[in-house]
There are 2 protein chains.
Amino acid sequence: MSVGIRHDDLRRRNRAMVISAVRRAGQPSRTEIAATTGLSHSTISAISADLIQEGILTESKASEPTALKRGRPQIGLALNPEAAAVLTVVLSLNFLSVAVIDYAGQVVAEEQQRLDTLVMPRDELIGECVAIVRRRLQDPDLDIGSVARIAMGIQGITDSNARAMLWSPITPLTDIPFADILEKEFGISATMENDCNMMAVALQWRDPERYRDDFIAILLSHGIGMGLVLKGALFTGTHSSGGEFGHMIHRPGGALCRCGRRGCVEAYAGNYAIWRSAMRMSEDAEPVDVGDADMRALAAKARERDGPEREAYRRAGEALGFGLGSLFALIDPAPVAMVGVSAAAFDLIEPALREAIAQTAGGQHSESISFDTEPNELPLIREGCAMRALTFVDQEIFAPGGLARAGKHVA
Amino acid sequence: MSVGIRHDDLRRRNRAMVISAVRRAGQPSRTEIAATTGLSHSTISAISADLIQEGILTESKASEPTALKRGRPQIGLALNPEAAAVLTVVLSLNFLSVAVIDYAGQVVAEEQQRLDTLVMPRDELIGECVAIVRRRLQDPDLDIGSVARIAMGIQGITDSNARAMLWSPITPLTDIPFADILEKEFGISATMENDCNMMAVALQWRDPERYRDDFIAILLSHGIGMGLVLKGALFTGTHSSGGEFGHMIHRPGGALCRCGRRGCVEAYAGNYAIWRSAMRMSEDAEPVDVGDADMRALAAKARERDGPEREAYRRAGEALGFGLGSLFALIDPAPVAMVGVSAAAFDLIEPALREAIAQTAGGQHSESISFDTEPNELPLIREGCAMRALTFVDQEIFAPGGLARAGKHVA
DNA sequence: AGGCTTTTTTTCGAGCCTCAAAAAAATAGT
DNA sequence: ACTATTTTTTTGAGGCTCGAAAAAAAGCCT
């Protein structure tokens with residue numbers, strides 16, 4: 001059960017708080033930090049002195065634009081880029097991408113690679129992932145010791161502890177404990193995250209005005225995925241990454257889904273479903289993977305004339321609308337970000353989607369629900385992984401709990 | 001954003017922790033509390049000395065059954081029943097019920113009343129609620145000053161701050177700020193809670209073994225409601241009480257629901273829906289309220305022979321199953337408690353329900369999902385309200401934050 | 001230029017809180 | 001009656017945060 005607060009936890013938490021305030025605000029002064037955290041100036045001063053002395057933060061007088069103000073000028077505090085580094089690995093359909101990111105969040109190196117995820121045997125898939133990470137870590141420009149965390153993101157279902165991929169549409173393989181594999185291989189703590197959850201994390205950092213406490217990120221691609229932030233925190237299932245919006249039931253016993261079941265939202269709104277419908281194929285037809293270029297061509301044709309293509313997007317909108325309606329019955333309406341190649345065709349989807357939502361419990365405020373679109377999911381996923389890894393370093397390594405507070409008194 | 005931890009918060013939180021440990025465990029000794037909270041013996045000793053001196057806890061040597069143990073016998077700590085009292089108000093269809101509960105959780109007085117909620121005008125409904133509370137508060141046996149909190153529970157949608165009823169099936173009225181009304185009338189802080197959420201809270205206290213971190217309470221009655229506990233905490237919507245399982249969409253454009261929309265789960269599984277189907281009425285027929293006795297008779301007939309009655313329950317099970325399937329896609333499967341008059345007919349519902357779930361994403365572990373039934377919802381709702389109010393007193397009144405720590409040094 | 005004002009940051013003493021260890025209390029066994 | 005065992009209380013030390021005051025670092029004004 002929940003445990004009492006130990007006296008030494010106090011400092012730990014407040015350290016984490018200060019780091020987090022700096023990461024969020026860019027270059028806040030001590031006074032700003034005191035204001036946002038509610039702690040006293042003296043506490044902030046003491047903690048930031050520690051953090052600077054430990055090389056985690058740096059003072060940067062860069063706040064020049066405030067030259068017009070009277071009084072002692074504020075000293076901006078910034079994250080020391082060299083304090084640590086993290087590594088992100090994003091595995092998606094036929095594509096593997098790795099990046100090294102410094103503690104301040106800047107990409108310092110990256111590498112990408114095509115590979116046939118759908119047909120690769122287990123050992124080979126794991127081998128390629130390990131190999132690309134190894135290449136990046138052996139880069140002579142990189143101090144390998146500074147890499148404090150690896151965050152891997154994958155399209156598919158992961159477990160709720162962010163250790164393993166349980167199931168993924170990009171490979172027939174299941175239950176690959178990537179986090180354990182990478183940890184064992186490189187001795188660096190690692191996580192395995194769901195791609196859509198990382199998209200949501202990235203949106204929260206990119207545009208905290210709009211995406212703060214409650215919002216939904218939906219991936220419209222080969223499959224339909226969702227990342228959900230409720231009350232400021234990422235929502236996950238009890239055992240898995242959860243939030244499998246694409247596999248909510250739209251029509252019981254309906255169209256065949258890639259997951260093998262029938263009537264899922266994805267079976268109407270996934271790329272393959274739109275394609276299948278546009279080509280007047282049976283709803284029972286085996287799902288096929290459609291390239292992004294083909295999807296863009298399909299959308300163009302749908303815009304051009306009323307026909308089966310337009311009808312396919314209409315049906316997709318309907319499925320998404322009723323799905324969102326059911327979701328909104330549970331969590332109340334929230335802003336939605338549509339991400340992925342079919343988000344670029346959202347103009348074709350939106351009318352039917354709104355019409356469907358209006359028929360559901362969430363529909364009371366149908367007009368007020370706002371949709372954003374972002375056609376490119378990969379940068380978002382990587383950014384989310386990076387922030388995930390960095391905030392872990394902030395909290396678990398630079399504000400460690402209980403023991404391991406060595407080397408603190410001497411410079 | 002989240003705020004730093006002040007030094008004085010520490011004591012406050014640990015006080016709350018100790019009280020909570022006592023409420024949960026019954027009569028724990030100081031040593032037991034130290035073990036469960038992770039705090040040191042001396043801290044527990046100091047805090048419990050305070051609490052005893054303030055009259056919140058009492059020492060009770062009642063732990064006789066441990067007579068066989070060596071060493072200094074443990075002194076059990078218990079909640080002082082006279083430390084405070086709370087009042088619960090449960091408003092359901094045509095029924096109003098009030099109870100006074102002492103700080104230890106025992107009911108000390110109660111009163112119930114029939115009333116025609118469906119046709120009462122606004123003033124009258126509010127008036128009756130205020131009047132019954134006033135009668136209880138004026139009871140000469142009750143020290144009115146000790147009543148620290150009123151928790152009201154209602155069937156319907158409440159706002160997420162637990163202040164107002166937004167919409168309810170038991171009355172055509174909407175947006176009644178019951179919490180504010182009661183607070184203003186009696187000067188006692190009050191909340192307005194959703195009935196199913198309170199059922200879930202009650203289950204958590206009644207059977208913490210089974211209902212702890214993740215479970216679902218579903219009310220099968222006139223309407224279909226849900227209380228959801230995820231990761232140990234009650235799940236609510238972003239603006240409303242949320243969790244409107246009954247208004248997830250089962251069949252787009254399907255049967256007419258009491259909420260005015262079509263195809264909701266409730267439009268197939270609510271009492272009126274089962275009745276409508278069993279009577280071979282149209283799916284567009286206006287929902288009617290069916291008495292509990294009629295429903296029990298219907299269930300008996302359905303058990304007796306295969307006919308439209310049995311088919312009606314089958315359809316209800318199907319709707320519930322697909323609804324749960326969609327829910328499980330989002331949160332992963334969890335144990336379910338079925339509550340309410342139709343829970344007594346769960347034997348008729350279960351086969352179709354399981355069959356439906358097996359066709360959904362949650363169905364992978366279809367067999368392992370366990371269902372409990374509890375035909376009587378009212379005691380659960382009251383118990384939930386009581387615990388809600390008591391834990392509020394524990395945390396906000398007996399472990400107050402920041403200021404208001406007067407009258408502490410003198411007995 | 002020099003003094004004054006304003007704002008930020010640091011320093012210092014006081015007050016709490018928790019912890020660990022020792023002491024005290026209460027009981028069972030010998 | 002005495003010892004062993006276990007629980008509870010007491011005590012002293014160390015740490016943390018806070019508020020107030022001092023120090024620092026500018027700009028403003030005469």
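For clarity, every value in this text was computed on a predicted model and none was experimentally measured.
- Applying the salt bridge (charged side-chain N to carboxylate O under 4.0 Å, His left out) criterion to B:Glu32, with sequence neighbours excluded, gives no partner residue.
- For the pair B:Asn14 and C:dC17, the criterion of a side-chain N or O lying under 4.0 Å from OP1 or OP2 is not met.
- Looking only at distances, a side-chain donor or acceptor of B:Asn80 sits under 3.5 Å from a matching main-chain atom of B:Gly55.
- Going from atom CZ of B:Arg12 over to atom P of C:dT18 covers 13 Å, rounded to whole Å.
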- Task: Scan nucleotides 1-10 of chain C nucleotide by nucleotide, 5' to 3', and note B when protein non-hydrogen atoms come under 4.0 Å of the base, S if they reach only the sugar-phosphate, - if neither.
- Result: ----BBBBBB
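- Applying the salt bridge (charged side-chain N to carboxylate O under 4.0 Å, His left out) test to B:Arg210 and every residue at least two apart in sequence or in another chain returns B:Asp372.
- By the side chain to side chain donor-acceptor pair (under 3.5 Å) test, A:Glu183 is found to be paired with A:Arg163, residues two or more places apart in sequence or in another chain being considered.
- Looking at residues two or more places apart in sequence or on another chain, you find no salt bridge (charged side-chain N to carboxylate O under 4.0 Å, His left out) involving A:Asp332.
- Contact annotation: B:Arg11 side-chain N/O to C:dC16 OP1/OP2 distance is not under 4.0 Å.
- Of the listed nucleotides (D:dC16, C:dC19, D:dC18), D:dC18 has the atom at the smallest distance from the side chain of A:Ser40.
- If you take CG of A:Leu10 and C1' of D:dC18, they are 12 Å apart, rounded to a whole angstrom.
- In this view, A:Glu59 and A:Arg30, A:Ile52, A:Ile75, A:Leu77 satisfy the side chain to side chain contact (heavy atoms under 4.5 Å, CB included) rule, not counting sequence neighbours.
- Between the P atom of D:dT9 and the CG atom of B:Asp50 lies a distance of 12 Å, rounded to the nearest Å.
- Rounded to a whole Å, the CG atom of A:Asp9 is 12 Å from the P atom of D:dT17.
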